[in-house]
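Just so we're on the same page: letters track the sequence lines, and every chain starts at 1.
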2 protein chains.
Amino acid sequence: MAKLSDVAALAGVSVTTVSRVINNYGSLSEKTKQKVFAAMRDLNYQPNSLARSLQGKQTKLIGLIFPGVSHPFFGELVQDLEDQLFKHGYRVILCNASAGDAEKERDYVRMLQANQVDGIIAGAHNMPVPEYQKINAPLISFDRYLGDNIPIVSSDNYAGARLATSALLDTGARDVWVLTGANRPGNPTNDRLRGYQDVMAEKGLTPHAVEIPFSTAPEVKWATIKRMLSSHVPEGVFATDDMTAIMVMQIARTLGIQIPQQLRVIGYDGTVLTRNYYPELATIVQPITAISSLMIDLLMQRIKDADAQLEARYVLPVRPYAARSLLGE
Amino acid sequence: MAKLSDVAALAGVSVTTVSRVINNYGSLSEKTKQKVFAAMRDLNYQPNSLARSLQGKQTKLIGLIFPGVSHPFFGELVQDLEDQLFKHGYRVILCNASAGDAEKERDYVRMLQANQVDGIIAGAHNMPVPEYQKINAPLISFDRYLGDNIPIVSSDNYAGARLATSALLDTGARDVWVLTGANRPGNPTNDRLRGYQDVMAEKGLTPHAVEIPFSTAPEVKWATIKRMLSSHVPEGVFATDDMTAIMVMQIARTLGIQIPQQLRVIGYDGTVLTRNYYPELATIVQPITAISSLMIDLLMQRIKDADAQLEARYVLPVRPYAARSLLGE
DNA sequence: TTGAAAGCGCTAACAT
DNA sequence: ATGTTAGCGCTTTCAA
């Protein structure tokens with residue numbers, strides 16, 4: 001692989017000059033530029049980004065720490081982040097930190113720290129918060145509390161949950177349950193749960209919450225929901241993510257429960273996938289594109305200036321989708 | 001961030017010695033080792049992987065080029081690859097090369113080439129094959145012909161398609177159609193199409209193929225399928241991917257077509273997602289875990305020895321899933 | 001068993 | 001407008 005000095009030799013100039021034309025700074029004569037460009041082409045020269053970064057420059061790499069990309073919501077979010085970061089000239093290191101695997105997450109953070117990325121966007125938190133606080137790379141969090149000076153971007157979980165619950169109640173349902181993920185402190189789930197609880201309380205209705213941790217194996221999840229529906233069929237269910245909502249509907253169908261006559265289901269996330277391949281599912285849409293732009297925007301600010309003053313929380317609006325299907329179209 | 005020389009100073013030894021204990025080679029006295037370890041701990045030392053790689057070492061980075069992670073199949077595949085690569089001590093650079101975006105793919109390949117990754121696994125090919133041939137990094141392909149010395153790993157598309165088509169015919173259906181992705185040369189789709197065609201021919205039946213490129217916007221796809229089903233309802237449809245199969249079923253439902261009595265649908269891919277959230281869908285399961293292990297295995301061989309002699313094609317067995325649901329359970 | 005010193009490929013003062 | 005040169009943090013001969 002050709003290097004800077006090879007180009008310099010072929011073009012008959014010094015390495016500095018070549019470096020200058022590559023980085024386009026200082027004063028260069030047009031003639032020199034052309035000579036250098038020609039030499040670069042001839043040698044099919046590619047700058048060694050390692051050497052460049054070592055010099056103190058940026059690595060142009062961003063670490064993305066999420067629970068994984070096999071879940072449609074995170075798949076879409078990560079894809080969007082990658083797309084937009086690419087346009088900003090950054091590449092992405094993908095770090096899947098499946099729920100519960102604190103060790104892997106820790107490993108990743110350590111590696112990313114070791115001078116390898118210009119910034120981190122994290123949407124997993126198996127690691128204790130204090131360890132996150134120690135990270136000195138620019139860091140933006142998705143939907144989770146990671147530490148005091150770490151901005152959180154999220155959709156309006158509380159409003160979304162209120163919207164979902166109200167949509168259910170609007171159909172006349174009164175016996176409305178919620179199916180949430182793990183109810184850990186700092187988890188977005190909490191706001192969704194609160195939104196549900198508040199609406200129920202305001203209407204003087206009794207809340208019922210069933211907790212199914214995010215990492216639960218699908219088979220177990222299936223069994224849990226089946227058991228629940230077998231013992232009692234609520235009039236409405238608010239599942240705090242679409243996949244769970246879909247599962248509720250599938251199971252209801254196998255149990256011969258009429259949807260939406262007997263049971264109305266609403267989800268949360270509203271990915272492109274569910275909207276297109278499961279359009280009858282009522283849900284609350286998270287603005288994925290807005291979320292990723294904003295996170296990248298904030299990250300870029302922190303990269304430019306490590307002390308950039310940012311808000312602690314950025315809450316993006318959600319919108320309901322297919323709520324009318326709760327009424328049977 | 002502490003560096004090697006800081007550790008050396010604190011431990012009262014030379015940088016060479018510190019380097020030796022880090023890389024564990026040469027002869028070290030136990031006492032020196034302990035001193036150095038202590039110093040490393042004290043300073044919370046992290047080796048700078050950039051500097052290390054610059055030295056000619058590996059970067060321990062693998063580039064993953066796929067159409068994107070928002071599609072469940074690729075999401076699961078990429079997640080699996082990342083998981084396994086992590087265990088091998090590699091991190092992953094995620095490169096989404098959406099169908100049609102040859103420019104981005106080209107950019108990525110150029111970057112990855114520039115001394116940044118130890119190897120590449122590619123499952124997208126918007127770029128012309130000749131450009132792939134030029135890549136001199138170790139390279140393994142998923143399901144696509146990329147060049148003569150580039151091993152291809154894939155599921156048994158031909159057998160899978162035969163299986164799917166036969167399952168449809170076994171229900172008594174005769175008017176069986178296929179819905180394929182873009183029929184480009186070197187695309188896996190072709191083998192699936194061939195499998196379908198061969199089975200139909202063997203039974204003396206007329207094949208009908210409808211082509212819907214992978215990158216088609218969901219809305220357009222929806223309209224296309226709806227138009228097709230509105231003008232004529234086949235007895236069976238083999239969709240060469242699950243998402244399309246699901247869409248066919250959804251649309252059939254809205255059109256009041258009885259499934260499976262009037263129309264039987266079978267897909268391809270059999271991701272964890274579809275199997276768990278759409279269990280009534282008959283499909284052909286690609287062995288994702290086996291695919292990723294094998295690809296990584298081959299890649300590791302090529303990384304160790306650039307000239308490792310590998311087969312041109314590795315075809316992994318598929319298995320049918322929920323075929324009985326075609327008969328109405 | 002340990003250390004000095006020469007790079008890896010590049011950038012950026014500091015000359016000229 | 002262009003060149004010389006000293007590093008960036010690390011590994012690795014070669015010597016002691």
Side-chain angles (χ1 to χ4, degrees), chain A residues 1-40 43-61 110-118 136-137, chain B residues 1-40 43-61 110-118 136-137:
Chain A
M1 182 118 288
K3 49 194 189 187
L4 204 62
S5 56
D6 297 332
V7 178
L10 183 61
V13 297
S14 75
V15 289
T16 315
T17 304
V18 178
S19 178
R20 284 204 180 96
V21 352
I22 288 174
N23 297 288
N24 190 38
Y25 79 99
S27 40
L28 290 309
S29 76
E30 196 52 37
K31 218 172 60 186
T32 319
K33 272 196 213 167
Q34 293 317 322
K35 274 193 303 188
V36 172
F37 280 135
M40 281 174 34
L43 295 168
N44 191 243
Y45 172 75
Q46 288 299 336
N48 181 331
S49 61
L50 258 40
R52 199 183 278 201
S53 303
L54 183 56
Q55 191 53 232
K57 286 262 191 207
Q58 303 179 325
T59 62
K60 288 296 177 182
L61 245 29
R110 206 184 352 246
M111 287 170 164
L112 297 183
Q113 282 288 73
N115 220 322
Q116 299 197 72
V117 296
D118 294 343
N136 61 321
Chain B
M1 182 118 291
K3 49 194 190 185
L4 204 62
S5 56
D6 297 331
V7 178
L10 184 60
V13 297
S14 74
V15 289
T16 315
T17 304
V18 178
S19 177
R20 283 204 181 95
V21 352
I22 287 175
N23 297 288
N24 191 38
Y25 81 99
S27 42
L28 290 308
S29 77
E30 195 52 38
K31 218 172 60 186
T32 318
K33 272 195 212 166
Q34 293 316 322
K35 274 193 303 188
V36 172
F37 281 135
M40 281 173 38
L43 296 168
N44 191 244
Y45 173 74
Q46 288 299 336
N48 181 331
S49 61
L50 258 41
R52 199 182 275 201
S53 303
L54 184 55
Q55 193 52 231
K57 287 257 191 212
Q58 303 180 324
T59 62
K60 289 295 178 183
L61 245 29
R110 207 186 349 248
M111 287 170 164
L112 297 182
Q113 282 288 72
N115 219 323
Q116 300 196 70
V117 296
D118 293 343
N136 61 321

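In this structure, A/Q116 atom CD and D/dC10 atom P are separated by 12 Å, rounded to whole Å. In this structure, A/R52 places its CZ atom 16 Å from C1' of C/dC8, rounding to the nearest Å. In this structure, CG of B/N24 is placed 15 Å from C1' of D/dT11, rounded to the nearest angstrom. Atom CG in B/L50 sits roughly 11 Å away from atom P in D/dG9 (whole-Å rounding). Between the CG atom of A/L4 and the C1' atom of D/dG7 there is a distance of 15 Å, given to the nearest Å. Rounded to whole angstrom, the span from the CG atom of A/N48 across to the C1' atom of C/dT11 amounts to 13 Å. Between the CG atom of B/D6 and the C1' atom of D/dC10 there is a distance of 13 Å, rounded to whole Å. Between the CD1 atom of B/I22 and the C1' atom of D/dG9 there is a distance of 11 Å, given to the nearest Å.
Out of D/dC10, D/dT13, D/dG3, the shortest distance to the side chain of A/V13 is found at D/dG3. Out of D/dC10, D/dT4, C/dG9, the shortest distance to the side chain of B/Q55 is found at D/dC10. Closest to the side chain of B/R20, out of C/dC14, D/dC14, C/dT11, is D/dC14. Set against C/dG3, D/dC10, C/dA12, the side chain of B/S14 has C/dG3 as its closest nucleotide.
Distances shown here put a side-chain N or O of A/S19 below 4.0 Å from the OP1 or OP2 atom of C/dT11. At D/dG9, none of the side-chain N or O atoms of B/Y45 fall inside 4.0 Å of OP1 or OP2 (strictly under the cut-off). For B/N23, a side-chain nitrogen or oxygen approaches OP1 or OP2 of D/dT11 to under 4.0 Å.
Here the rule is side-chain contact (heavy atoms from CB on, under 4.5 Å) with A/Q46, and of B/Q116, B/R110, B/M111 only B/R110 fits it. Each of A/V15, A/L43, A/V18 was evaluated against A/D6; a single residue qualifies, A/L43, per the side-chain contact (heavy atoms from CB on, under 4.5 Å) test.
Listed in residue order, the members of residues 25-37 of chain A having a heavy atom less than 4.0 Å from DNA chain C are A/Y25.
Taking every heavy atom of both residues into account, B/R20 and B/G26 meet most closely at CD-CA, 4.3 Å. A pairwise comparison of heavy atoms in A/V117 and A/T59 identifies CA-OG1, 3.5 Å as the closest pair.
Side-chain contact between A/P47 and A/R52: present, with at least one pair of heavy atoms (C-beta onward) separated by less than 4.5 Å.
Remark: the A/T17 side chain and the A/S14 side chain contain an N/O donor-acceptor pair separated by less than 3.5 Å.
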Before giving the answer on side-chain contact (heavy atoms from CB on, under 4.5 Å), spell out for A/I22 and A/L4 the whole-Å C-alpha distance, their side-chain angles and the decisive distance to 0.1 Å. CA-CA 10 Å; A/I22 288 174; A/L4 204 62; 3.7 Å; yes
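Among the heavy atoms of the strands lying under 4.0 Å from B/T17 are primed sugar atoms or P, OP1, OP2 only; no base atom is included.
A residue-by-residue look at B/T16 and A/K3 shows that B/T16 has its nearest nucleotide of DNA chain C further toward the 5' end.
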